[in-house]
Novice: 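Have a look at this one before I ask anything.
Computation of the quantities below employed the complete heavy-atom set of this structure, encompassing side-chain atoms and omitting hydrogens, waters and symmetry-equivalent molecules. What you are looking at is a predicted structure, and each value in this text was computed from that prediction instead of being measured.
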Amino acid sequence: MIKSGNSNQWGHFYPSEDLVIDDISKGISYLIFEDTFDDCPHGVFVLIDGLEPTYKYIEDGNWLNDEPYMTLHRIASDGKVHAVFKSAIDHSKSICNNIKIDTHNNNQIMQKQIERNGFKRCGTIYVKEGSPRIAYQWMKEK
């Protein structure tokens with residue numbers, strides 16, 4: 001992110017090693033591998049089932065619905081393969097009909113990927129330390 005002009009969202013120290021270990025121990029961290037015999041993961045993401053505390057308050061808009069949802073967080077790629085984001089989204093959509101995600105205003109690449117994959121911009125949420133994030137939601141059409 002820093003190399004692509006978004007130095008504010010994660011910086012050099014997020015996510016912390018403790019947070020990554022916690023994600024793994026909870027079974028909510030997923031690895032993405034290329035469709036070859038490559039043993040090296042090329043991406044990672046976290047998919048959380050249940051309420052995201054920072055999503056309780058949204059301004060300048062509204063969520064699409066109040067139904068149960070999963071939250072997609074901490075998508076990262078080593079930059080060696082393409083479609084890491086799409087792999088994370090496709091997996092998430094295969095197990096959930098209602099997904100929320102957010103990103104930093106400076107993360108233009110992520111905003112385009114989120115919108116390209118059918119998510120609707122819903123408003124602004126604020127993360128724990130108080131900085132704003134653009135909030136998106138996708139729901140399967142009934």
Novice: Start with the C-alpha gap between Ile48 and Met70, add the side-chain angles, then the distance that decides, and say whether side chain to side chain contact (heavy atoms under 4.5 Å, CB included) holds.
Specialist: CA-CA 5 Å; Ile48 303 169; Met70 294 183 93; over 6 Å; no

Novice: Are the side chains of Ile89 and Phe119 in touch, meaning some heavy atoms are under 4.5 Å apart?
Specialist: yes

Novice: Residues two or more places apart in sequence or in another chain: which of them pass side chain to side chain donor-acceptor pair (under 3.5 Å) with Asp90?
Specialist: Lys86

Novice: Can you find a pair of side-chain heavy atoms, one from Phe85 and one from Met110, that are under 4.5 Å apart?
Specialist: yes

Novice: Could you list the cluster mates of Leu64? Members are the ILVMFWY residues connected by side-chain heavy atoms closer than 4.5 Å, either directly or through other members.
Specialist: Met139

Novice: Give a yes or no on whether the backbone of Gln113 and the side-chain of Asn117 come within a donor-acceptor separation of less than 3.5 Å.
Specialist: yes

Novice: Could I get the full list of side chain to side chain donor-acceptor pair (under 3.5 Å) partners for Asp66, not counting sequence neighbours?
Specialist: none

Novice: Less than 4.5 Å apart, side chain to side chain, heavy atoms only: is that true for Phe45 and Leu72?
Specialist: yes

Novice: What pairs with Thr124 under side chain to side chain contact (heavy atoms under 4.5 Å, CB included), at least two apart in sequence or on another chain?
Specialist: Glu59, Asp60, Tyr126, Pro132

Novice: Looking at SG of Cys122 and CH2 of Trp138, how far apart are the two atoms once the value is rounded to the nearest 0.5 Å?
Specialist: 13.5 Å

Novice: Could you give me the CA-CA distance, side-chain angles and deciding distance for Thr71 and Leu47, then say whether side chain to side chain contact (heavy atoms under 4.5 Å, CB included) is met?
Specialist: CA-CA 6 Å; Thr71 304; Leu47 187 61; over 6 Å; no

Novice: Should Ile99 and Lys93 count as side-chain neighbours, where that means a heavy-atom distance under 4.5 Å?
Specialist: yes

Novice: Which other residues end up in the same hydrophobic cluster as Ile125, if Ile, Leu, Val, Met, Phe, Trp and Tyr are linked when side-chain heavy atoms come under 4.5 Å apart?
Specialist: Leu51, Tyr55, Ile58, Trp63, Tyr69, Val127

Novice: Between Arg133 and His104, does the side chain to side chain contact (heavy atoms under 4.5 Å, CB included) criterion hold? Intermediate values first, please.
Specialist: CA-CA 5 Å; Arg133 296 290 188 272; His104 196 279; 3.4 Å; yes

Novice: Any chance you could lay out the side chain to side chain contact (heavy atoms under 4.5 Å, CB included) test for Glu52 and Asp102, step after step, and finish with the verdict?
Specialist: CA-CA 11 Å; Glu52 163 60 55; Asp102 64 85; 5.8 Å; no

Novice: Taking a hydrophobic cluster as the set of Ile, Leu, Val, Met, Phe, Trp and Tyr residues connected by side-chain heavy atoms closer than 4.5 Å, whether directly or through intermediates, do Ile95 and Ile101 fall within one such cluster?
Specialist: yes

Novice: Not counting sequence neighbours, which residues clear salt bridge (Lys or Arg N to Asp or Glu O under 4.0 Å) with Lys112? List them please.
Specialist: none

Novice: Could you list the residues that satisfy side chain to side chain contact (heavy atoms under 4.5 Å, CB included) with Lys56, not counting sequence neighbours?
Specialist: none

Novice: Quick one: side chain to side chain donor-acceptor pair (under 3.5 Å) partners of Asn98, sequence neighbours excluded?
Specialist: Asn65, Gln137

Novice: Got a sec, which residues hit side chain to side chain contact (heavy atoms under 4.5 Å, CB included) with Glu141, two or more places apart in sequence or on another chain?
Specialist: none

Novice: Side chain of Gln108, backbone of Asn105: donor and acceptor closer than 3.5 Å?
Specialist: yes

Novice: Report the residues that fulfil side chain to side chain contact (heavy atoms under 4.5 Å, CB included) with Glu115, sequence neighbours left out, ordered by chain and then residue number.
Specialist: Arg121, Tyr136

